[in-house]
Amino acid sequence: MPSNRERLTSLTKRTVQTRANNYCEYCHSPGDYATDSFTVDHILPRLKGGSNGLNNLAWSCFGCNGRKQAKTQAIDPETGELADLYNPRTQRWADHFCWNKDTTIMLGKTPEGRATIESLNINRPNIVNLRRLLISVGLHPPLL
């Protein structure tokens with residue numbers, strides 16, 4: 001694996017993308033239809049000591065990645081307390097999130113889920129609209 005200061009290789013980027021089935025590991029937008037481009041996110045940012053190891057990398061749309069930046073925690077809007085952001089390498093999505101009845105809105109089940117949804121604005125209008133369109137052709141919600 002590359003050191004903390006080295007750039008990610010094309011192979012590493014493809015590995016992260018393939019592992020995520022080309023879906024954003026935060027908002028679950030599909031890379032083939034998403035409104036944003038995708039990139040590799042450092043779950044624990046390099047600024048905070050995170051590595052380029054595969055266990056610290058997530059596939060992320062630029063919308064989520066740009067909002068996450070170097071954050072690892074955010075306020076849970078339900079409790080008002082600081083909570084860790086969701087970690088797709090160590091946590092199961094279904095433990096922290098679910099869909100509303102029509103599967104257009106992601107809901108947080110835990111402080112980590114709610115803080116992540118709020119901090120990354122996971123239900124931003126363009127993503128909700130994309131989900132509606134994908135539902136109409138049977139491509140949402142994703143079966144990851």
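Everything numeric here is computed off the predicted structure, so don't read it as measured data.
- Each of Thr103, Asn123, Thr104 was evaluated against Arg131; a single residue qualifies, Asn123, per the side chain to side chain donor-acceptor pair (under 3.5 Å) test.
- Side-chain heavy atoms closer than 4.5 Å link hydrophobic residues (I, L, V, M, F, W, Y) into clusters, and following such links, possibly through other members, connects Leu130 to Val137.
- Between Ser119 and Lys71, the side chains place a donor N or O and an acceptor N or O closer than 3.5 Å (distance only, hydrogens not considered).
- Of the possible polar contacts, none joining the Asn65 side chain to the Ser60 backbone as a donor-acceptor pair under 3.5 Å is found.
- Here the side chain of Gln69 pairs a donor or acceptor atom with the backbone of Gly66 at under 3.5 angstrom.
- The two residues Arg89 and Asn87 make their nearest non-hydrogen contact at N-OD1, 2.8 Å.
- With Ser136 contributing its side chain and Leu133 its backbone, the two residues share a donor-acceptor pair below 3.5 Å.
- Between Tyr26 and Cys64, the shortest heavy-atom distance links the atoms CB-SG, 3.9 Å.
- Remark: Thr39 OG1 to Gln17 CD distance equals 11.0 Å, nearest 0.5 Å.
- Of the candidates Thr116, Leu107, Ile127, Thr116 is the only one forming a side chain to side chain contact (heavy atoms under 4.5 Å, CB included) with Ile122.
- Residues Leu57 and Phe38 share a hydrophobic cluster, clusters being chains of Ile/Leu/Val/Met/Phe/Trp/Tyr side chains in contact below 4.5 Å.
- The closest donor-acceptor contact from the side chain of Asn56 to the backbone of Leu44 lies under 3.5 Å.
- Residues Leu134 and Met106 fall into different hydrophobic clusters, defined by Ile, Leu, Val, Met, Phe, Trp and Tyr side chains chained together at heavy-atom separations under 4.5 Å.
- Formation of a donor-acceptor pair under 3.5 Å by the Lys109 side chain with backbone atoms of Cys98 is not found in this model.
- By the 4.5 Å heavy-atom criterion applied to side chains, His28 and Trp93 are counted as neighbours.
- With rounding to the nearest 0.5 Å, the separation of CG in Asn22 from CG in Asp32 is 5.0 Å.
- In terms of heavy-atom proximity, Glu25 sits nearest to Ala58 at OE2-CA, 3.2 Å.
- Heavy-atom minimum distance, His42 versus Ser51: CD2-O, 3.2 Å.
- In the hydrophobic clustering of this structure, Val40 does not group with Ile43; members are Ile, Leu, Val, Met, Phe, Trp, Tyr whose side-chain heavy atoms approach within less than 4.5 Å, directly or through other members.
- A donor-acceptor pair is defined here as one N or O able to donate and one able to accept, closer than 3.5 Å; no such pair exists between the side chain of Lys68 and the backbone of Leu120.
- The CZ atom of Phe97 lies 10.5 Å from the SG atom of Cys27; values are rounded to the nearest 0.5 Å.
- The two residues Cys61 and Cys24 make their nearest non-hydrogen contact at N-SG, 3.4 Å.
- Asn52 approaches Glu6 most closely through the heavy-atom pair ND2-O, 2.6 Å.
- Judged by distance alone, the side chain of Arg19 and the main-chain N or O of Leu54 form a donor-acceptor pair under 3.5 Å.
- Taking hydrophobic clusters as Ile, Leu, Val, Met, Phe, Trp and Tyr residues chained together by side-chain heavy-atom distances below 4.5 Å, Trp59 shares a cluster with Leu8.
- Here ring-ring contact (aromatic ring centres under 6.0 Å, His included) pairs that include residues 118-144, with residues two or more places apart or in two chains, are Trp99-His140.
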